[in-house]
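Since the structure comes first, as structure tokens, the remarks are kept for the end.
Numbers here simply count residues along the sequence, with the first being 1. For ligands, and for the atoms within them, numbers begin at 1 and follow the listed sequence.
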Amino acid sequence: MVQNRESESRKLLGRLRDAMAEDGDGQQRLDKITKLIASSMQTEVCSIYLFRDAETLELCATEGLKQESVHQTRLRLGEGLVGLVAKKSKTINTADAPSEKGFRFMPETGEEIYSSFLGVPIQRLGENLGVLVVQSKAERLFSSDELYALEVVAMILAEMTELGAFLGEGEALSARHQQPVLLRGTTGQEGAAMGHVWLHEPRVVVTHLVAEDPETESKRLAEAVDTLRIGVDKLLAGAAGGDGEQIQVLEAYRMFANSKGWMRRMEEDIANGMSAEAAVEKEQTQARTRLGQVSDTYLRERLQDLDDLSNRLLRILTGQGSQTGAELPTDPVLVARNIGPGELLEYGRSLKAIVLEEGSVGSHAAIVARALAIPLVIHTETITREALNGDHIMVDGDQGIVHLRPDDNVTTAFRDKIAMQADAQERYSAIRDMPATSACGTTIAMHMNAGLMADLPSLSSSGAEGVGLFRTELQFLVRNQMPKRSELSALYSRVLDAAGDMRVVFRTLDIGSDKVLTYMKPNDEPNPALGWRAIRVGLDKPGVMRMQLQALLRAAAGRNLSIMFPFVAQYSEYVAAKAEMDKAMERERRLGHPLPEKLEIGAMLETPSLAFAPQAFFDEVGFLSIGGNDLKQFFFAADRENERVRRRYDTLSIPFLSFLQGIVARCATSGTALSFCGEDAGRPVEAACFAAIGIRTLSMRPASIGPVKHMLRRVDLNELRNIIEECHEKGAESVREPVMDYLKTVAR
Ligand code: PEP
Ligand code: MG
């Protein structure tokens, strides 16, 4: 019986392959296939419905239903049994279709005489392409063998659809991957750019779907799985003693690679006429479908693992490595599910934009993209499935929108947007070397934020006077192991060389919260942002901080040095950190190394508590820099990483501005130098308000220096301060609106 099922299924697949090989257009092929399936399965009806757009299915070919209804009958997703199969990605098998819940009668098709119905989704790697249906008059349930056969055929159909086998005149037959798509994600880094898709992990294209000889295929699969197992074992051996999470993932890989169920299902598919790669892909498709249905994080991760493993296996079987021979376009837009900071750095500035399916605003990749000033859109669901290497793509990082294969209208509008930005950049470059002096004569010092060697060229091109925040953790994040002191010292030395006479403020390691080092033991904390991070780690486990302070002193080699400690929440933490610095100095002195000519030690004000520290703190600290990103999240109790709440509270609200004014006043009393280095410093309206309340140094992304300077040079800070005062007196919630009204009057 099984033997019979296998040979029947093989025969059908063989016939399908022959039908595909014959000349003819897409419609003729579809017609032939419906005939073949109906006769093989001994049903009166076989129909193929394909998606016309994301919401509409269209009857594209039928054997048995009225031919006039082809390309006329359409169903919304979820409508009728066919729509339900597509919506739920689930097979429907019923002996009495008309009495089934959700049934919708379509008179134009003449289907009222058919009672039994079997519909299976046509899907590829989790993407729904359509529905394959067989119907018959006799009232009967289809057997599991019939069901299995139809699923196999649907999978082959999906592959053929993907390969463009059904392209033709009809619009419904145009390849999905040729249609324009608009995808909405989340802004990771502002800016607009266009170019051509470069898939970080190009998908494997399976062209060899149906095979004559199951034995050969079975052997090919076994050999490929062996290669895979050896590869995973090697990776595991290499990772032994290393990062726990990586080992966990590899262990899961090994478990799957040795899974009997996985192998058995693939063997079965091969016995039924599929090639080894088609069998792997069928399993992968099912895993992806499940992935879309489960919400449990652990299970999702395991299914994700299985997906990765299937990709590896497909690469082994098809010989398609990640090097597909495709050449990086001259204007690459990187498309990936996710990417690590190290990999991103390898692409460097060559990328025009980045689009990620996952990622987060505070992810390392986002930090690197920001450092490189590359527009980034994250949470762009389905992008890796929709995009093909070389597709034309436009990325609007400001709105978090991606246009894939845009039509002419979108292209023209987008070009205009880019041209406008280029005009603005030109305007900014004209004031690059001019001071940020306001209309009332106050000069604001403009510094830039950095964290990579690659940022340093911006020091001269952006017009910054120095580096107000050098995030040293980026060097730790982009590595797979703890950097050595000598490496760090060489890097810091190069940073100081590149900065010449300009001041660079090195912030000591700010890890924890979202910045997790893969090579450090993970902390399972309920609230990492409020947890063991930054200076707290530095003081509790001082080894790394000591190494870093030493590296900084060695790098300075007698030159001026500015260091600040992140996330200081109380005076005593500053005192303890400063004591570490004193010890490091003493050690260097003893060893005979030159000490910095001038050493400044400061702190970041990122927790509200520090604003209320004793006077002694303000007297002793060398300088203070407001880390607005963190300060704001703690002030409003609104997670900076949580899309739902992160934009809910306004920096220009009276409560927050009043709080900042209190800090300015305390610093003025003690003569403490104060700057602002959070993202808000790079926003022209916010920056103007900060200047109006008395903050005289701002540090921001290099790309923001032009726009902020342009704004500051036009505003009268006295007028702005009066507006803020009036809002206070009136009891307004925010100054934004009146400030914007005023700025419009000075805008050019
Ligand atoms: C901040 O919190 O504002 C800041 C500059 O530090 P980071 O964004 O690196 O936490
Ligand atoms: Mg911070």
Side-chain angles (χ1 to χ4, degrees), residues 187-190 341 360-372 376 446-452 455 464 466-478 504-517 527-538 548 562-569 573-574 577 602-611 623-642 646-647 649 651 656 659-660 663 674-683 686-687 690 695 697-702 704-705 708:
T187 298
Q189 153 77 18
E190 287 92 355
S360 83
V361 180
S363 71
H364 310 151
I367 293 171
V368 172
R370 250 171 256 151
L372 297 174
L376 164 71
M446 306 288 282
H447 290 254
M448 64 173 240
N449 296 345
L452 300 167
D455 292 325
V467 177
L469 165 66
F470 191 89
R471 291 179 160 107
T472 60
E473 61 276 5
L474 291 199
Q475 295 306 323
F476 288 72
L477 288 169
V478 298
V504 179
V505 180
F506 290 97
R507 171 175 80 182
T508 60
L509 200 54
D510 182 4
I511 48 161
S513 187
D514 64 301
K515 299 167 190 158
V516 182
L517 301 184
N527 276 310
L530 305 176
W532 199 54
R533 52 177 290 200
I535 194 73
R536 299 171 184 177
V537 181
Q548 196 182 22
S562 301
I563 293 176
M564 70 178 170
F565 296 110
F567 216 65
V568 175
E573 285 172 342
Y574 173 75
M604 287 191 77
L605 199 154
E606 301 184 274
T607 60
S609 61
L610 201 64
F623 61 92
L624 272 177
S625 191
I626 298 174
N629 306 338
D630 275 315
L631 185 63
K632 209 177 135 191
Q633 80 164 336
F634 299 123
F635 186 79
F636 288 112
D639 187 346
R640 63 190 263 193
E641 296 304 321
N642 183 336
R646 112 190 149 84
R647 283 186 237 263
Y649 305 101
T651 304
F656 194 61
F659 185 60
L660 294 183
I663 299 169
L674 177 68
S675 64
F676 190 108
C677 69
E679 291 296 306
D680 282 322
R683 302 194 168 107
E686 280 80 345
F690 294 161
I695 297 176
T697 304
L698 300 173
S699 192
M700 63 200 77
R701 281 188 259 157
S704 299
I705 290 190
V708 170

What N, O or S atom of D630 is found closest to the Mg ion (ligand 2)?
OD2
Below 4.0 angstrom, N of the basic side chain to O of the carboxylate: do D455 and R471 qualify?
no
Given P566, which of I511, L509, D630, T508 fulfils the side chain to side chain contact (heavy atoms under 4.5 Å, CB included) condition?
T508
Is the side chain of S699 donor-acceptor paired with the backbone N or O of M448 at a distance under 3.5 Å, no angle test?
yes
Tell me which N, O or S atom of E606 sits nearest to the Mg ion (ligand 2).
OE2
For the backbone of Y649 and the side chain of K632, can you confirm whether one donor and one acceptor N or O come within less than 3.5 Å of each other?
yes
Do the side chain of T472 and the main chain of R507 share a donor and acceptor less than 3.5 angstrom apart?
yes
With no hydrogens and no angle check, do the side chains of R701 and Q189 hold a donor and an acceptor under 3.5 Å apart?
yes
Report yes if some heavy atom in the side chain of M700 is under 4.5 Å from a heavy atom in the side chain of V708; otherwise report no.
yes
Could you go through ligand 1 and note, for every N or O atom, any protein N or O atom closer than 3.5 angstrom, writing the atom names and distance to 0.1 Å, or 'none'?
| unit_1 | atom_1 | unit_2 | atom_2 | d |
| --- | --- | --- | --- | --- |
| ligand 1 | 2 (O) | E606 | OE2 | 2.9 |
| ligand 1 | 2 (O) | D630 | N | 3.0 |
| ligand 1 | 2 (O) | D630 | OD2 | 3.1 |
| ligand 1 | 3 (O) | G627 | O | 3.3 |
| ligand 1 | 3 (O) | G628 | N | 3.1 |
| ligand 1 | 3 (O) | N629 | N | 2.7 |
| ligand 1 | 3 (O) | N629 | ND2 | 3.3 |
| ligand 1 | 6 (O) | R507 | NH1 | 2.9 |
| ligand 1 | 8 (O) | R471 | NH2 | 2.9 |
| ligand 1 | 8 (O) | N629 | ND2 | 2.9 |
| ligand 1 | 8 (O) | R640 | NH2 | 2.8 |
| ligand 1 | 9 (O) | R471 | NE | 2.8 |
| ligand 1 | 9 (O) | R471 | NH2 | 3.4 |
| ligand 1 | 9 (O) | R507 | NH1 | 3.2 |
| ligand 1 | 9 (O) | R507 | NH2 | 2.8 |
| ligand 1 | 9 (O) | K515 | NZ | 3.0 |
| ligand 1 | 10 (O) | D630 | OD2 | 3.1 |
| ligand 1 | 10 (O) | R640 | NH1 | 2.9 |

